[in-house]
Amino acid sequence: MQTAASLDRMKSSFIREILAAASDPDMISLAGGLPDEKTFPIELLKPTIAQLHNDVSLFQYGPTQGYAPLVKHLNQLYQLPEHHKLLVTTGSQQGLDLIARAYINPGDGVAMEAPSYLGAMQVFDFVQASILPVAQLADGPDFEALERCFANDKPKLFYAVPDFHNPTGVCWSLATRQAVAKLCIEYGVTLLEDAPYRALRFSGEALPMVSSFCPDQALVLRSFSKIASPGLRMGVVSGPAQWIEPLIKVKQGADLHSNVPAQAMLLGLLEHPEFEQHIAKVCDLYHGRYQVLLKALEQLEPFGCQAEPVAGGMFVWLTLPDCDSFALAKYLIEQGVATVPSDVFYSAEKGVSALRLNFTNATPDMLQEAVSRMAQVFSTL
């Protein structure tokens with residue numbers, strides 16, 4: 001049977017190929033955006049898990065919007081306006097997919113920072129969107145280029161990761177957040193704010209979400225994969241109720257509802273008195289590993305490599321002299337280090353030569369050894 005034409009538009013995920021190679025026990029992986037398994041809050045989850053059998057209704061079909069007690073808790077946690085609504089999704093990735101299927105017609109414009117999250121580009125490619133890349137600067141998107149895009153190309157959505165961007169780690173400044181929100185309102189472009197790394201701040205003060213400056217012109221994606229567990233597959237999309245209702249309709253056709261026992265487990269975790277302390281410990285752990293990696297990367301500076309500092313998240317963006325980043329990443333795998341080449345994060349345009357390095361799922365010794373192997377490679381090029 002022949003596959004749908006839309007599937008042919010999707011590129012295979014180079015990251016998935018790298019993760020397969022990273023299963024080699026001799027490989028040090030700085031590739032996937034994996035949280036450290038030691039940070040999974042198993043002890044905090046145990047009380048809720050132990051009580052699941054007492055509520056048989058958790059194992060019945062549930063409402064598409066989500067497990068009612070969890071929905072109520074999240075509404076209060078996020079302080080959503082009365083005319084807003086949220087939908088519990090099977091990971092925030094499903095939220096992306098639901099939005100694309102509910103709102104994007106073939107040829108509709110979707111503005112995205114360049115580079116951008118590969119998973120989002122795949123979703124928008126699948127629905128045959130026209131991806132409109134906007135260059136990223138040190139404190140967010142190139143504002144002048146973004147305004148030209150809004151004025152001339154009239155995109156339906158602007159997809160962005162303002163807090164600890166994937167892949168670059170960039171965190172938008174307050175001025176950029178306010179200016180972009182104002183621009184979305186002025187041109188009637190819906191902001192799609194993806195915030196999977198927002199809780200992983202380990203230095204500096206938290207900034208308001210961009211959507212807080214344009215709440216009725218935004219949809220927000222949140223994920224619990226980085227602060228709870230990826231395996232729970234729990235995410236949330238929120239926004240004006242009239243924009244969420246179509247997503248509920250699409251989700252009903254997709255999977256009826258997300259895993260109800262997992263939603264109950266998440267609620268128990270969020271209500272646990274030690275959960276905030278858990279997040280603080282995770283941030284401290286990742287901060288230490290980030291500092292180790294950043295210090296180690298200094299030995300690559302003589303080769304023209306430059307690591308961009310970050311204040312949180314899971315990634316360091318290592319810029320390189322102009323090169324074929326795909327070829328370099330494949331050669332590094334042969335030397336026992338898995339990284340992600342910058343080329344996968346651009347839709348069609350030629351981007352900067354760089355590698356995305358993950359620091360959350362490798363020990364300090366592994367991070368130092370990985371950079372030593374990279375230095376050996378660069379010394380031979």
Of the non-hydrogen atoms in Gly239 and Leu219, which two are nearest, and what is the gap between them? CA-CD2, 4.1 Å
Determine, step by step, whether Arg222 and Tyr78 satisfy the side-chain contact (heavy atoms from CB on, under 4.5 Å) criterion, reporting the C-alpha distance in whole Å, the side-chain angles of both residues, the deciding distance to 0.1 Å, and the verdict. CA-CA 10 Å; Arg222 294 178 173 90; Tyr78 302 143; 3.2 Å; yes
When rounded to the nearest 0.5 Å, the distance separating CD of Gln79 from NE2 of His84 is 13.5 Å
Partners of Lys46 by side-chain hydrogen bond (donor to acceptor under 3.5 Å, both in side chains), sequence neighbours excluded? Glu43
Is the shortest side-chain heavy-atom distance between Asp216 and His83 below 4.5 Å? yes
Taking Thr176 for its side chain and Asp139 for its backbone only, find out whether a donor-acceptor pair lies under 3.5 Å. yes
Minimum heavy-atom distance Pro167-Phe345, with the two atoms named: CG-CG, 3.6 Å
Decide yes or no for Leu367 and Leu30: does some side-chain heavy atom of the first lie under 4.5 Å from some side-chain heavy atom of the second? yes
I need the Leu44 CG to Leu269 CG distance, nearest 0.5 Å. 6.0 Å
Compare all side-chain heavy atoms of Leu183 with those of Phe143 and state whether any distance is below 4.5 angstrom. yes
Measure the shortest side-chain to side-chain distance between Pro155 and Val110 over non-hydrogen atoms and say whether it is less than 4.5 angstrom. no
Identify whether the distance between the nearest side-chain nitrogen and carboxylate oxygen of Glu369 and Arg373 falls below 4.0 Å. yes
Report yes or no: do Met234 and Val220 belong to one cluster of Ile/Leu/Val/Met/Phe/Trp/Tyr joined by side chain heavy-atom distances under 4.5 Å? no
Return yes if some donor-acceptor pair links the side-chain N/O of Thr360 with the main-chain N/O of Leu34 below 3.5 Å, else return no. yes
Result block: side-chain N/O donor-acceptor pairs under 3.5 angstrom for residues 93-104, not counting sequence neighbours:
unit_1: Gln93; atom_1: OE1; unit_2: Tyr117; atom_2: OH; d: 2.7
unit_1: Gln93; atom_1: NE2; unit_2: Gly119; atom_2: O; d: 3.3
unit_1: Gln94; atom_1: OE1; unit_2: Thr90; atom_2: N; d: 2.8
unit_1: Gln94; atom_1: OE1; unit_2: Lys251; atom_2: NZ; d: 2.9
unit_1: Gln94; atom_1: NE2; unit_2: Asp255; atom_2: OD2; d: 3.0
unit_1: Asp97; atom_1: OD2; unit_2: Arg101; atom_2: NE; d: 3.0
unit_1: Asp97; atom_1: OD2; unit_2: Arg101; atom_2: NH2; d: 3.1
unit_1: Tyr103; atom_1: OH; unit_2: Trp243; atom_2: O; d: 2.7

Carefully, step by step, assess Gln217 and Leu191 under the rule side-chain contact (heavy atoms from CB on, under 4.5 Å). CA-CA 6 Å; Gln217 197 62 41; Leu191 170 69; over 6 Å; no
Of all pairs that satisfy side chain to side chain donor-acceptor pair (under 3.5 Å), the ones with a partner from residues 198-209, not counting sequence neighbours: Asp163-Arg198
Tell me, do Asn361 and Ser29 make a side-chain contact under 4.5 Å, heavy atoms counted? no
Kindly say whether Leu80 contributes a backbone atom to a donor-acceptor pair with the side chain of Asn75 at under 3.5 angstrom? no
Over all atoms of both residues, closest heavy-atom pair of Ala114 and Tyr346: C-CE2, 3.8 Å
Quick one: does any side-chain atom of Ser342 pair with a main-chain N or O of Ala354 as donor and acceptor, under 3.5 Å? yes
Residue Glu144 excluded, over 12 heavy atoms near CD under 6.0 Å: no
Measuring from Leu267:CG to Leu74:CG, what's the distance to the nearest 0.5 Å? 8.0 Å
Looking only at heavy atoms, the pair that brings Ser379 and Phe303 closest together is CA-CE2, 3.7 Å
If hydrophobic clusters are built from ILVMFWY residues whose side chains come within less than 4.5 Å, do Phe150 and Leu137 share one? no
Please give me the minimum heavy-atom distance between Leu52 and Pro261, naming the atom from each residue. CD2-O, 4.2 Å
Anything under 3.5 Å between a donor and an acceptor, one on a side chain of residues 292-300, the other on a protein residue two or more places apart or in another chain? List them.
unit_1: Lys295; atom_1: NZ; unit_2: Glu298; atom_2: OE1; d: 3.3
unit_1: Gln299; atom_1: NE2; unit_2: Ala296; atom_2: O; d: 3.1

Show every donor-acceptor pair shorter than 3.5 Å between a side-chain atom in residues 58-68 and any protein atom, with sequence neighbours excluded, or say none if there are none.
unit_1: Thr64; atom_1: OG1; unit_2: Leu256; atom_2: O; d: 2.8
unit_1: Gln65; atom_1: NE2; unit_2: Leu86; atom_2: O; d: 2.9

Do Val371 and Val316 sit in one hydrophobic cluster, given that two such residues count as connected whenever their side-chain heavy atoms are within less than 4.5 Å of each other, even indirectly? yes
Gln178 and Lys182: side-chain contact (heavy atoms from CB on, under 4.5 Å), yes or no, with the steps? CA-CA 6 Å; Gln178 294 171 325; Lys182 183 178 179 181; over 6 Å; no
Would you say the side-chain atoms of Arg233 and Ser225 include a donor-acceptor pair closer than 3.5 Å? yes
So if you build clusters from Ile, Leu, Val, Met, Phe, Trp, Tyr with side-chain heavy-atom gaps below 4.5 Å, do Val170 and Leu207 land together? no
Determine, stepwise, if the pair Val344 / Met121 fulfils side-chain contact (heavy atoms from CB on, under 4.5 Å). CA-CA 10 Å; Val344 306; Met121 290 193 293; over 6 Å; no
For Ser212 and Arg177, does a side-chain donor sit closer than 3.5 Å to a side-chain acceptor? no
With ring pair (Phe, Tyr, Trp, His ring centres under 6.0 Å) as the rule and sequence neighbours excluded, what pairs involving residues 175-228 come up? Tyr197-Phe315, Phe202-His287, Phe202-Tyr290
Considering only heavy atoms from C-beta outward, does the side chain of Pro208 approach that of Leu174 to under 4.5 Å? yes
Minimal heavy-atom distance between Val134 and Pro141, with the atoms involved, is CG1-CB, 4.3 Å
Atom pair CG/CG of Leu87 and Leu221 - distance to nearest 0.5 Å: 10.5 Å
The reported gap from CD1 in Ile131 to CG in Asp108 (rounded to nearest 0.5 angstrom) is 12.5 Å
Is the number of heavy atoms from other residues, nucleotides or ligands within 6.0 Å of CD (Glu245) greater than 12? yes
Do Met314 and Leu200 touch side chain to side chain, with heavy atoms closer than 4.5 Å? yes
With no hydrogens and no angle check, is any side-chain donor or acceptor of Thr319 less than 3.5 Å from a backbone partner on Gln306? yes
Can a donor-acceptor pair be found, under 3.5 Å and without considering hydrogens, that links the side chain of Arg356 to the backbone of Ala31? yes
Compare all side-chain heavy atoms of Phe124 with those of Ser347 and state whether any distance is below 4.5 angstrom. no
Rounded to the nearest 0.5 Å, what's the gap from CZ on Phe158 to CG on Leu192? Could you check? 10.0 Å
Let me check something: do Met209 and Val237 share a hydrophobic cluster, defined by ILVMFWY side-chain heavy atoms less than 4.5 Å apart, either directly or through other members? no
Okay, side chain of Asp36, backbone of Lys38: is any donor-acceptor separation there less than 3.5 Å? yes
Tell me whether His165 contacts the main-chain N or O of Trp172 through its side chain, where contact means a donor paired with an acceptor under 3.5 Å. no
